[in-house]
2 protein chains.
Amino acid sequence: MARRTHGDRRKTILRVAGRLFSQRGYYGTSIRDIAAAIRLQGGSLYAHIASKEELLWEIVDEAAQAFLSSLEPIVRSGRSPVEKLRLAVAAHLWVVTERQDAAVVFNHEWKALSPRRRADILARRDAYEALFREILQEGIEAGVFRADLNVPLITRFILTALNGVAVWYRPKGPLSPEQIAEAFTDWVMRGLRRCEPPETSG
Amino acid sequence: MARRTHGDRRKTILRVAGRLFSQRGYYGTSIRDIAAAIRLQGGSLYAHIASKEELLWEIVDEAAQAFLSSLEPIVRSGRSPVEKLRLAVAAHLWVVTERQDAAVVFNHEWKALSPRRRADILARRDAYEALFREILQEGIEAGVFRADLNVPLITRFILTALNGVAVWYRPKGPLSPEQIAEAFTDWVMRGLRRCEPPETSG
DNA sequence: CATTTTTGCTAACGAACGTTTGCTTAAATT
DNA sequence: AATTTAAGCAAACGTTCGTTAGCAAAAATG
C-alpha cells in the first residue's frame, strides 16, 4: 500500500495555495493564510515545503507543462490548420477550466518569481505562443486563412481572450467548457477564414 | 499663476504609484518603493496622501471614469451598430494605450480595494460591459450581426482581448494604437457580421 | 521682514511578514 | 515493545510593512 498520508498533505497545501494565490495574489496571500485554510499553524507548513516561492513555482511550472504538453501533439499532428486551431482552442480551454487556479496564477503571478524562474516561465510562455502562431501561419500558407492577418497580433488577441476565461469561468455556471470552446472557435474562425460562400443553408 | 509646486508632487506620486502598481502589483509595491522612486523617504509621502489605499483608489477610479466617459457618448449616438462598435473599440484602445498603467491597475488590482470601493468599481465595470453588450444586441436586432451570437460571452472575449493590450503595448513598439484598433476591428467584425457580399471593391 | 504653510527628514510605532528552533505527539517501522 | 520518523505546535527570530510624531528647512503669504 505504501504510505497513505505522506505527500497528501503536500498536495493539499499546493491546492490551497493555488486557490488563494489565484484569488488574492501571491503577495496578498501569507503563509499563515495558507496554513489557516487547512487548520495549521504557519510554521507547520515548513515540514512540507522549503519556501513560499517554491509553492508558487510548483504551481506555475505545472501549469506551463500542462499548456505546452497539450498543444504540442496538436501542432505536430498532420491535421489541417482549421482542425488544428479548433483543437488548440479546445485544449487551451480544457487546461484553463480544469486547472483554473493554476492557470490564473500562471498568467498573473509569474512576476513574483525569482529572476531565474521568471525567465524560465517566460521562455515557455513564448514557446507556447510560437506554437499557436505556427497554426495561423500554416493556415495562411495553405490559403485557408486570409493572407493579410497580422499573425503575432491576432495570436495575442486569441490567447488573451482564452486566458481571460480562467478568470470568470465557474464550473457551476451556465456555460460548459465545450460550449465556450464552440462559441469561441465559431466566432474566431470567421475572422480568420478567407471569404467563401457559406456551405450550409440558413 | 496660482501655485506652481502644489499638487504637482501629488500628481507625480500618483503617476509613479500607477507605474509601480502596474509593474509589481499593489501588494508587491511598498510605500517606500514609491517614495524611493522620487527620491523621498517613505514617511514623507504622508504629507501628500492619506493612505496607500487612497492612491490605489484614485488610480482605479480615474481609469473607471475614463473608460465609461469615453464609451457613453458613442453608445448614445445615433450611429449604426457597426460604426458604434468600431468607435467603441478605438475608444477602449485609446484609454488603454494612453493611460496604460491606470488601465492595468484597474484590471488587475481592484481586488486590493476595501469592500466598499471594490463594489463600486465592480458596478462600474459591469455598467461598462453592459454598454458594450448593448451595441452587439442592437446590431443583432438591426440584422447586421448574426443572430446566433452569445452576446455576453462574445462581449467578454472582446473586452478581455482589448484589455490584454494594456499589458503588452509599448508606445515605442512597432504598432500604433490605431493599427491595433484597425487589425482588431477588422478581425472581430468578420466574426460578427452576417455573411454578405463585400460592399466595397478590393 | 515676519509668519504661516508646505515639504521633507529621522526615528519610531505596532503589526505582519517568511522562516527557524525546540519540543511534543502521533504514526510507522523494526 | 522499542525505536525511528513524520507532523504539528508555540514561540521567537530578524525584517519589512503602513503609518505617525516631532522637528527642520524651504516656500509662499501677509
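In what follows, chains carry the letters A, B, and so on, assigned in the order in which the sequence lines appear, proteins first and then strands, with residues in each chain numbered from 1.
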Partner residues of B/Glu129 under the side-chain contact (heavy atoms from CB on, under 4.5 Å) criterion, sequence neighbours left out: B/Arg133, B/Thr155, B/Arg156, B/Leu159

Could you state the NZ-P distance from A/Lys52 to C/dG18, rounded to the nearest angstrom? 4 Å

Residues at least two apart in sequence or cross-chain that pass side-chain contact (heavy atoms from CB on, under 4.5 Å) with B/Arg32, listed by chain then number, are B/Ser30

Tell me, what's DNA chain C's dot-bracket, Watson-Crick or G-U with both distances under 3.5 Å, | for other-strand, [ ] crossing? ||||||||||||||||||||||||||||||

Using ring-ring contact (aromatic ring centres under 6.0 Å, His included) as the criterion, list what pairs up with A/His108, not counting sequence neighbours. B/His108

Who pairs with B/Ala47 by side-chain contact (heavy atoms from CB on, under 4.5 Å), at least two apart in sequence or on another chain? none

Could you tell me the separation between the CD atom of B/Glu54 and the C1' atom of D/dG18, rounded to a whole number of Å? 14 Å

Does anything in residues 17-29 of chain A come within less than 4.0 Å of DNA chain D? Heavy atoms only, and list the residues if so. none

With sequence neighbours excluded, what pairs up with B/Glu138 under the salt bridge (charged side-chain N to carboxylate O under 4.0 Å, His left out) test? B/Lys84

Expected string for nucleotides 8-14 of chain C under the B/S/- scheme (protein heavy atoms, under 4.0 Å, primed atoms plus P, OP1, OP2 as sugar-phosphate) is SBB-B--

I need the CG-C1' distance between B/Asp8 and C/dT6, as an integer number of Å. 13 Å

Given C/dT20, is OP1 or OP2 found less than 4.0 Å from the side-chain N or O atoms of A/Tyr46? no

Without placing hydrogens or testing angles, list every side-chain donor-acceptor pair under 3.5 Å for residues 165-173 of chain A, not counting sequence neighbours.
residue, atom, partner, partner atom, Å
A/Trp168, NE1, A/Gly164, O, 3.4

Would B/Arg125 pass as a cation-pi partner of B/Phe106, given that its NZ or CZ must be under 6.0 Å from the six-membered ring centre and within 45 degrees of the axis? yes

Do A/Lys52 and A/Tyr26 form a cation-pi contact, if we require the NZ or CZ to be under 6.0 Å from the six-membered ring centre and within 45 degrees of the ring's axis? yes

Please set out all donor-acceptor pairs under 3.5 angstrom arising from side-chain atoms of residues 73-82 of chain A, sequence neighbours excluded.
residue, atom, partner, partner atom, Å
A/Ser77, OG, A/Ile74, O, 2.8
A/Ser77, OG, A/Arg79, N, 3.4
A/Ser80, OG, A/Glu83, N, 3.1

From CG of A/Leu45 over to P of D/dA10, roughly how many Å is that when rounded to an integer? 14 Å

Check salt bridge (charged side-chain N to carboxylate O under 4.0 Å, His left out) between B/Arg99 and all other residues, then give those that pass, not counting sequence neighbours. B/Glu62

Holding to salt bridge (charged side-chain N to carboxylate O under 4.0 Å, His left out), I want the full list of residues that pass it with B/Glu58, two or more places apart in sequence or in another chain. B/Arg10

note: A/Ile49, atom CD1; D/dA6, atom P; distance rounded to Å ~ 17 Å

Whole-Å distance separating the CG atom of B/Asp33 from the C1' atom of D/dG18: 12 Å

To the nearest Å, give me how far apart CD1 (A/Ile31) and P (C/dG18) are. 6 Å

What's the CD1-P distance between A/Ile34 and C/dA16, to the nearest Å? 17 Å

Using OP1 and OP2 only, check whether a side-chain N or O of B/Ser30 sits under 4.0 Å from D/dT16. no

